[in-house]
Amino acid sequence: MEEKFLSPQDVADLLQIKKNTVYEMIKRGELRATKMGKQFRIPRSEVYDFMGTPLTEENEDKIIICGQDQVLDALCALFNDEEGFRMKAFRSPLGSYRGLYEMYQNDNCVATAHLWDSETDTYNLPYVTRMLPGEKLAVYHLLKRWQGFYVPEGNPKKIRTFEDLTKKNVRMVNRDRGSGIRVFIDEMCKKLGIRHGEIYGYGDEVSSHYSAATAVLRGAADVAIGNEKTCRMMEGLDFIPLKQEDYDMIFREEDLSRPEFQRLVYLIQSEEFRREVEAVSTYDATGLGERIM
């Protein structure tokens with residue numbers, strides 16, 4: 001099957017890094033690239049091999065679960081422990097928005113999302129119907145978790161509300177485009193009429209909750225927004241809750257007739273997986289496995 005090629009910017013978007021970092025990876029030999037005229041092109045399979053979750057049309061023996069939460073690793077492990085299935089489950093680190101896009105582009109792919117819609121004050125359903133047009137979908141609830149401010153211990157800048165991000169003495173570190181947190185930040189800006197230029201540090205992006213937390217911890221920023229679990233893992237930070245979000249899993253309806261995907265649904269409704277979720281003290285497993293669409 002013909003190989004697909006990506007531009008350095010495509011790879012940067014996929015890996016949630018800066019384009020210059022992609023060029024550095026090519027130079028170091030971490031990514032194989034082809035020079036086409038004056039432009040680099042990177043085989044798409046090469047990028048997925050780098051992530052450890054190859055996703056190409058040839059890999060029909062894999063189910064890819066897109067999402068950054070580590071409970072998905074536990075889900076993959078439970079799936080792969082079962083004998084008798086030809087397919088194996090792998091987690092891709094793609095965030096909410098990019099995961100839905102990947103699902104639209106590829107078979108054998110499910111997405112997870114925590115995308116807040118400010119107009120309806122709901123999570124995920126307004127997005128999945130727009131981003132997967134023409135598809136009959138099934139959405140299952142996984143868990144609830146708090147998102148909020150990461151601030152230095154003692155909260156020296158007295159950051160309590162979203163409007164506090166516009167204070168002249170407050171510097172934020174932002175999340176990358178396509179992540180659920182970035183969508184929340186941009187939706188809040190829209191709702192409150194805050195221009196991006198009013199937030200010092202809006203253009204400074206990191207690609208994970210952990211990177212956001214460490215930026216605040218080492219003094220590169222006064223505040224970041226992320227999930228509670230990551231903040232509680234680090235001494236020297238306080239967590240200021242903003243909103244409890246819904247984290248859901250999205251399937252194609254037609255896939256639910258296949259034994260492999262039936263197995264996934266069975267697992268997210270199982271006591272084994274519930275114990276994995278409840279082991280994270282900041283997660284609320286109420287409604288785990290319930291179909292909401």
Side-chain angles (χ1 to χ4, degrees), residues 1-7 9-16 44-45 47-48 51 53-60 62-69 72 75 87 89-143 175-191 243 245-265 268 287 289-293:
M1 188 170 290
E2 183 180 356
E3 176 71 271
K4 294 181 180 179
F5 290 87
L6 304 175
S7 70
Q9 185 61 61
D10 293 333
V11 176
D13 292 342
L14 193 60
L15 297 179
Q16 304 177 11
R44 188 168 178 269
S45 59
V47 180
Y48 279 93
M51 292 193 294
T53 53
L55 181 60
T56 65
E57 289 79 359
E58 293 89 344
N59 289 311
E60 296 179 354
K62 297 176 176 65
I63 294 176
I64 304 299
I65 302 175
C66 297
Q68 295 187 345
D69 199 290
L72 302 180
L75 180 61
M87 303 183 78
F90 295 84
R91 180 171 72 90
S92 164
L94 295 175
S96 298
Y97 191 92
R98 292 191 182 94
L100 289 171
Y101 180 76
E102 198 67 46
M103 184 176 170
Y104 183 64
Q105 296 290 325
N106 295 280
D107 296 327
N108 296 340
C109 183
V110 299
T112 56
H114 56 114
L115 296 167
W116 180 59
D117 178 66
S118 61
E119 293 184 5
T120 60
D121 193 20
T122 61
Y123 274 89
N124 301 323
L125 299 188
Y127 289 91
V128 300
T129 54
R130 292 196 297 262
M131 294 188 64
L132 294 159
E135 298 274 13
K136 291 185 177 180
L137 302 170
V139 181
Y140 288 83
H141 180 65
L142 294 182
L143 55 94
R175 280 296 307 277
D176 49 305
R177 293 178 184 272
S179 66
I181 294 296
R182 176 60 173 268
V183 170
F184 173 73
I185 291 169
D186 289 345
E187 284 286 283
M188 283 295 292
C189 286
K190 181 179 72 172
K191 180 179 180 180
K243 192 172 185 64
E245 63 181 11
D246 290 310
Y247 191 58
D248 302 323
M249 180 171 284
I250 301 94
F251 296 82
R252 290 184 178 85
E253 178 75 47
E254 63 183 26
D255 286 338
L256 295 184
S257 63
R258 299 166 56 185
E260 297 87 354
F261 289 88
Q262 291 173 2
R263 169 72 178 164
L264 268 183
V265 173
I268 64 176
E290 291 182 4
R291 182 166 177 174
I292 58 176
M293 176 179 173

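Residue indices begin at 1 and follow the sequence shown.
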Measure the CD-CZ distance between Q105 and R98 for me, rounded to the nearest 0.5 Å. 14.0 Å
By side-chain contact (heavy atoms from CB on, under 4.5 Å), which residues pair with E135, not counting sequence neighbours? L132, L137, R252
Out of curiosity, S92 OG to I63 CD1, how far, rounded to the nearest 0.5 Å? 14.0 Å
So how far is it from M103 CE to T112 OG1, rounded to the nearest 0.5 Å? 10.5 Å
Any side-chain heavy-atom pair from Y127 and S96 closer than 4.5 angstrom? no
NZ on K62 to CD on E260, rounded to 0.5 Å: 13.5 Å
Restricting to salt bridge (Lys or Arg N to Asp or Glu O under 4.0 Å), what partner residues turn up for E187, sequence neighbours left out? K190
Answer yes if the side chains of E245 and H114 hold a donor-acceptor pair under 3.5 Å, and no otherwise. yes
Rounded distance (nearest 0.5 Å) linking atom CG of L94 with atom CD1 of I64: 9.5 Å
One pair to check against side-chain contact (heavy atoms from CB on, under 4.5 Å): L115 and L100. What are the steps and the verdict? CA-CA 11 Å; L115 296 167; L100 289 171; 3.7 Å; yes
Residue set satisfying side-chain contact (heavy atoms from CB on, under 4.5 Å) with P126, at least two apart, ordered chain then number -> D117, T120, T122, R130
Which pair of heavy atoms, one from Y104 and one from P133, lies closest together, and at what distance? CE1-CD, 3.7 Å
Mind checking side-chain contact (heavy atoms from CB on, under 4.5 Å) for Y140 and listing every partner two or more places apart, or none if nothing turns up? A138, F251, L256, V265, I268, Q269, R291
Taking side chain as C-beta onward, heavy atoms only, is V110 less than 4.5 Å from F261? yes
With a 4.5 Å heavy-atom cut-off, do L264 and I65 have their side chains touching? yes
Taking V183's backbone N and O only, do any of them form a donor-acceptor pair with R175's side chain (distance below 3.5 Å, no angle check)? no
Pair D246, W116: side-chain N/O donor-acceptor within cut-off below 3.5 Å: no
For D186, give me all partners under side-chain hydrogen bond (donor to acceptor under 3.5 Å, both in side chains), at least two apart in sequence or on another chain. R182, Y202
State, yes or no, whether a side-chain contact exists between M249 and H141 at a heavy-atom distance under 4.5 Å. no
Using a strict cut-off of less than 4.0 Å between a Lys/Arg side-chain nitrogen and an Asp/Glu carboxylate oxygen, indicate whether E102 and R44 qualify as a salt bridge. yes
Nearest 0.5 Å, what's the CG-CG distance between L142 and L72? 7.0 Å
All side-chain hydrogen bond (donor to acceptor under 3.5 Å, both in side chains) counterparts of S7, not counting sequence neighbours: D10
Taking the side chain from D248 and the backbone from V139, do they hold a donor-acceptor pair closer than 3.5 Å? no
